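These notes concern the structure reproduced below.
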Amino acid sequence: SDKWLYMKQRTMLVSTNSGGIGTAFFINKHGVALTNHHVLSGKEPACVYLYAPEADDSKIYSSRRRNIRNILWTNEALDITVFSVELEQGESIPYFNLISRQEPPLNECYILGNPEGLWCTAGDGTISAYREDDKDKPWQVQYNINTNPGNSGGPVMNSKGEIIAVHASGVEGKQGLNFGIDILRV
């Protein structure tokens with residue numbers, strides 16, 4: 001679908017030297033990206049793999065490997081890392097726009113990530129609620145998309161292609177009870 005291709009061209013796999021994987025996505029044309037702090041904290045070497053730009057190819061290729069240039073900002077409590085990717089000379093990177101105001105519950109949302117190492121996996125659902133009452137994890141968007149480890153740091157997008165949240169976690173043993181960090185709070 002067009003939404004899947006749109007997301008795929010703006011999203012990447014994050015791979016750490018210790019074997020950890022997660023997801024990240026571009027937020028500007030200069031290679032600045034977002035992910036979770038628990039995916040990329042800057043404490044160990046890591047790289048990213050850009051997905052192949054073609055619609056019919058969801059493999060990861062070594063030629064699409066990029067180094068992380070800098071960790072620009074990270075916050076463990078908020079579970080967000082902003083970093084820059086080392087792009088090739090003249091490389092053009094599509095990126096996501098961010099929402100400018102909160103989406104109402106029951107609006108459609110979409111996610112793309114690498115659950116359990118299954119690259120470029122998409123899901124859809126609806127926004128369930130906004131949660132600000134959890135003192136350990138404030139400013140969460142709750143949605144009913146099934147996710148797994150490896151989806152962390154991935155984009156949660158509305159039907160207009162704008163980022164609503166950065167996927168952070170699900171509730172173990174509960175399907176479709178998942179949370180992202182509200183992009184308006186980052």
Side-chain angles (χ1 to χ4, degrees), residues 1-14 22-30 32-40 51 55 58 72-83 93-116 118-186:
S1 98
D2 292 339
K3 284 183 181 78
W4 179 78
L5 182 59
Y6 178 87
M7 291 183 81
K8 177 183 172 223
Q9 292 172 341
R10 290 153 177 79
T11 307
M12 67 200 93
L13 170 88
V14 178
T23 307
F25 57 93
F26 289 110
I27 59 169
N28 77 18
K29 67 180 180 181
H30 304 292
V32 174
L34 288 177
T35 192
N36 294 123
H37 177 85
H38 76 264
V39 171
L40 181 65
Y51 299 127
S58 60
L72 302 171
W73 182 79
T74 190
N75 184 305
E76 186 173 6
L78 191 55
D79 196 19
I80 288 288
T81 295
V82 181
F83 66 101
I93 294 294
Y95 60 93
F96 286 104
N97 290 315
L98 310 178
I99 60 170
S100 57
R101 65 182 189 13
Q102 209 171 58
E103 291 281 314
L106 297 181
N107 272 11
E108 291 179 345
C109 60
Y110 307 88
I111 192 168
L112 188 83
N114 305 290
E116 301 295 336
L118 298 169
W119 305 304
C120 216
T121 300
D124 66 340
T126 57
I127 298 168
S128 302
Y130 289 85
R131 305 281 180 206
E132 294 189 23
D133 51 343
D134 186 338
K135 63 182 172 231
D136 294 328
K137 295 178 181 176
W139 311 316
Q140 293 192 67
V141 179
Q142 179 185 338
Y143 40 88
N144 65 357
I145 303 171
N146 290 329
T147 63
N148 290 288
N151 276 111
S152 292
V156 181
M157 178 186 88
N158 66 14
S159 61
K160 295 180 248 173
E162 302 164 321
I163 295 300
I164 300 166
V166 180
H167 177 69
S169 65
V171 177
E172 192 171 331
K174 307 286 183 194
Q175 290 186 345
L177 185 54
N178 296 287
F179 299 93
I181 300 149
D182 187 342
I183 202 69
L184 296 174
R185 304 294 186 142
V186 174

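Everything quoted here is computed from the prediction, not taken from an experiment. What you see below is based on every heavy atom in this structure, not just the backbone, and it leaves out hydrogens, waters and symmetry mates.
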Q. Below 4.5 Å, heavy atoms only, C-beta onward: do Glu103 and Asn158 meet side chain to side chain?
A. yes

Q: Kindly give the heavy-atom pair with the smallest separation between Ile181 and Leu78, and that separation in Å.
A: CD1-O, 3.2 Å

Q: Starting from the C-alpha separation in whole Å, work towards a yes-or-no answer on side chain to side chain contact (heavy atoms under 4.5 Å, CB included) for Thr35 and Val166.
A: CA-CA 7 Å; Thr35 192; Val166 180; 5.8 Å; no

Q: Say whether, by atom type as modelled, one donor and one acceptor occur between the side chain of Asp79 and the main chain of Asn36 under 3.5 angstrom.
A: no

**Q.** Nearest heavy atoms of Ala24 and Thr11, plus distance in Å
**A.** O-CG2, 3.3 Å

**Q.** Phe25 versus Ile163, closest heavy-atom pair with distance
**A.** CE1-CG1, 3.8 Å

Q) Would you say Asn28's side chain and Val32's backbone share a donor-acceptor pair under 3.5 angstrom? A) yes

Q.
I'd like to check the side chain to side chain donor-acceptor pair (under 3.5 Å) partners of Glu116; sequence neighbours left out, ordered by chain and number.
A. none

Q.
Quick check for you: to the nearest 0.5 Å, what is the distance between Leu5 atom CG and Cys120 atom SG?
A. 9.0 Å

**Q.** Beyond-backbone contact of Thr81 with Trp73, side-chain heavy atoms, under 4.5 angstrom
**A.** no

(Q) I'd like to check Asn107 versus Thr126 (side-chain heavy atoms, cut-off strictly below 4.5 Å). Are they in contact? (A) no

Q) Under the side chain to side chain contact (heavy atoms under 4.5 Å, CB included) test, which residues partner Lys3, sequence neighbours left out? A) Ser1, Tyr110, Met157, Ser159

Q: Measure across Ile27 and Tyr95 and return the closest heavy-atom pair with its distance rounded to 0.1 Å.
A: O-CD1, 3.5 Å

Q: Please examine the side chains of Lys8 and Leu112, heavy atoms only from C-beta on, and report whether any two atoms are closer than 4.5 Å.
A: yes

Compile the donor-acceptor pairs under 3.5 Å between side chains in residues 148-156 and protein atoms, sequence neighbours left out, one pair per line.
unit_1 : atom_1 : unit_2 : atom_2 : d
Asn151 : OD1    : Asn148 : N      : 3.1
Ser152 : OG     : His38  : NE2    : 2.9

(Q) Using 0.5 Å steps for rounding, measure from the CD atom of Glu108 to the CG atom of Asp124. (A) 7.0 Å

Q. By side chain to side chain contact (heavy atoms under 4.5 Å, CB included), which residues pair with Gln102, not counting sequence neighbours?
A. Tyr130, Asp182, Leu184

Q. OG/Ser100 to CD1/Ile183 distance, rounded to the nearest 0.5 angstrom?
A. 12.5 Å

Q. Does any pair with a residue in residues 143-169 pass ring pair (Phe, Tyr, Trp, His ring centres under 6.0 Å), and if so which ones, sequence neighbours excluded?
A. Tyr143-His167

Q. Side-chain contact, heavy-atom cut-off 4.5 Å: Leu13 with Thr23?
A. no

**Q.** Residue pair Pro104 / Ile127: nearest heavy atoms and the distance that separates them
**A.** O-CD1, 4.0 Å

(Q) Using every non-hydrogen atom in the two residues, find where Ile164 and Ile99 come nearest and quote the distance to one decimal. (A) CA-CD1, 4.1 Å

Q | Phe26: ring pair (Phe, Tyr, Trp, His ring centres under 6.0 Å) partners, not counting sequence neighbours | A | none

**Q.** Flag side-chain contact, heavy atom, 4.5 Å: Thr121 against Asn114
**A.** no

Q.
I'd like to check Leu177 versus Asn144 (side-chain heavy atoms, cut-off strictly below 4.5 Å). Are they in contact?
A. no

Q.
Less than 4.5 Å apart, side chain to side chain, heavy atoms only: is that true for Glu162 and Phe96?
A. no

Q. Would you find a donor on one side and an acceptor on the other, under 3.5 Å apart, between the side chain of Arg10 and the backbone of Tyr6?
A. yes

